[in-house]
2 protein chains.
Amino acid sequence: MHAPPVQRLITELSRLPGVGGRTAQRLAFHLLRIGEEEALALADAIREVKQRIGFCGVCYNLAEGPTCRICSDARRDPELICVVEQPSDVISIERTHEFTGRYHVLGGALSPIDGIDPEDLKLAELFGRIETGDVREVVVATNPTTTGEATALHIAERLRELAPEVSVTRLASGLPVGADLEYADELTLGRALAGRRAV
Amino acid sequence: MHAPPVQRLITELSRLPGVGGRTAQRLAFHLLRIGEEEALALADAIREVKQRIGFCGVCYNLAEGPTCRICSDARRDPELICVVEQPSDVISIERTHEFTGRYHVLGGALSPIDGIDPEDLKLAELFGRIETGDVREVVVATNPTTTGEATALHIAERLRELAPEVSVTRLASGLPVGADLEYADELTLGRALAGRRAV
């Protein structure tokens, strides 16, 4: 019923998370209605982000160059590493202004049922950083979900063997269990960070 | 806090209808996470739709060439014209399989408060089609909202002067007032079409 280019756009839009068929159609017609310049600005922004943004060679956060802004910042404490699942979690924690250390982005959480095993995450890279670096504390800030908790436990166990001198902490409760770290408000997340406890 | 290309993408995404700041960030990180090919497929679909889709020279529906599929289809009754606000409304009505005529897309509804006057819509073009063509009936299928009703009244009044032999009808009630035609289900919309009444 739609012309092929319109149908293709609807299909591509409906691949986005939380966008169903009706919403995709609504967005497509919006893009058809607006000026060419505004629509192409979105297309170009997508293209640019895929071309210019990669992963930091140290912490696997998003980066415009070989290392991210935080790893390149000499004022950030290199002895303190906060481990998160996704780059968006770095943004959430930075927003609290409570954390002065560096990050390590795993790229997900352990979930054997979904086929996500330790080698699918940046865990070896994390252990490598800790073994070669002068790390004092690892704050495990994975989501307070089943998979996030399992990942935290895995990290704590491995570090007890590999680097028993490093203290491993976990964000304090205050985050409702089952919630998504990305949606926590700054205050709650800041308090959870301040009240972190040993695993 | 975000790298400039990421911030730019979030800004562009948040211009979409119904997409707030948090949703835009979530969509941006989704686009960063997925493969380059999938992300660029969306960028290309937007670009392609703006390059290949224009407006039909007859009815102002979306069209891949000079005229749309419906205007190019000789089996569609040229004596019956359904007037809608947006191209998406054509899709909604086509989905009912109840309408065998042709369309005229106004590009909006009269709304003096928003500065949308008759000359901002394809009204002169509609009256031109009716004066030169052999039109039997005009079904006014603008939205059952204040502005949609005002537009229907305007069309009915003008046609009473210009072409008193043409009957002007309006979609039957069945659509809840204040609702958006685009979201009506096929059955309700089909019934409203079948029960259209003279204005």
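No hydrogens, no waters, no symmetry mates; every other heavy atom, side chains included, goes into these values.
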Test of understanding: clusters of I, L, V, M, F, W, Y form through side-chain heavy atoms closer than 4.5 Å, transitively. Do A:L121 and A:V58 belong to the same one? no
For chain A, which residues from residues 77-93 of chain B have at least one heavy atom closer than 4.5 Å to it? B:Q86, B:P87, B:S88, B:I91
Quick check for you: among A:R15, A:R52, A:R22, which has the greatest number of heavy-atom pairs under 4.5 Å with chain B? A:R22
Side chains of A:L9 and B:L42: does their closest heavy-atom pair fall under 4.5 Å? yes
Beyond-backbone contact of B:R47 with A:D44, side-chain heavy atoms, under 4.5 angstrom: yes
For B:I53 and A:A3 the tightest heavy-atom approach is CD1-CB, 3.8 Å
Go through the atoms of A:L13 and report whether side chain, backbone, both or neither lie under 4.5 Å from a heavy atom of chain B. both
Report yes if the side chains of B:P5 and A:Q51 come closer than 4.5 Å at any heavy-atom pair, otherwise no. no
With a 4.5 angstrom heavy-atom cut-off, which part of A:E94 approaches chain B: side chain, backbone, both or neither? both
Interatomic spacing from CD in A:E12 to CG in B:L40 - rounded to 0.5 Å: 10.5 Å
Shortest non-hydrogen contact between A:E36 and B:K50, atoms and distance: CA-CE, 3.7 Å
Considering only heavy atoms and a distance below 4.5 Å, find which of B:P17, B:P4, B:A39 pairs most often with chain A. B:P17
Output for pair (A:R26 CZ, B:L16 CG), nearest 0.5 Å, gives 11.5 Å
Say you draw a straight line from CG of B:L32 to CD1 of A:I46; how long is it, rounded to the nearest 0.5 Å? 10.5 Å
Evaluate whether atom CD of B:E37 has more than 12 neighbouring non-hydrogen atoms of other residues, nucleotides or ligands under 6.0 angstrom away. no
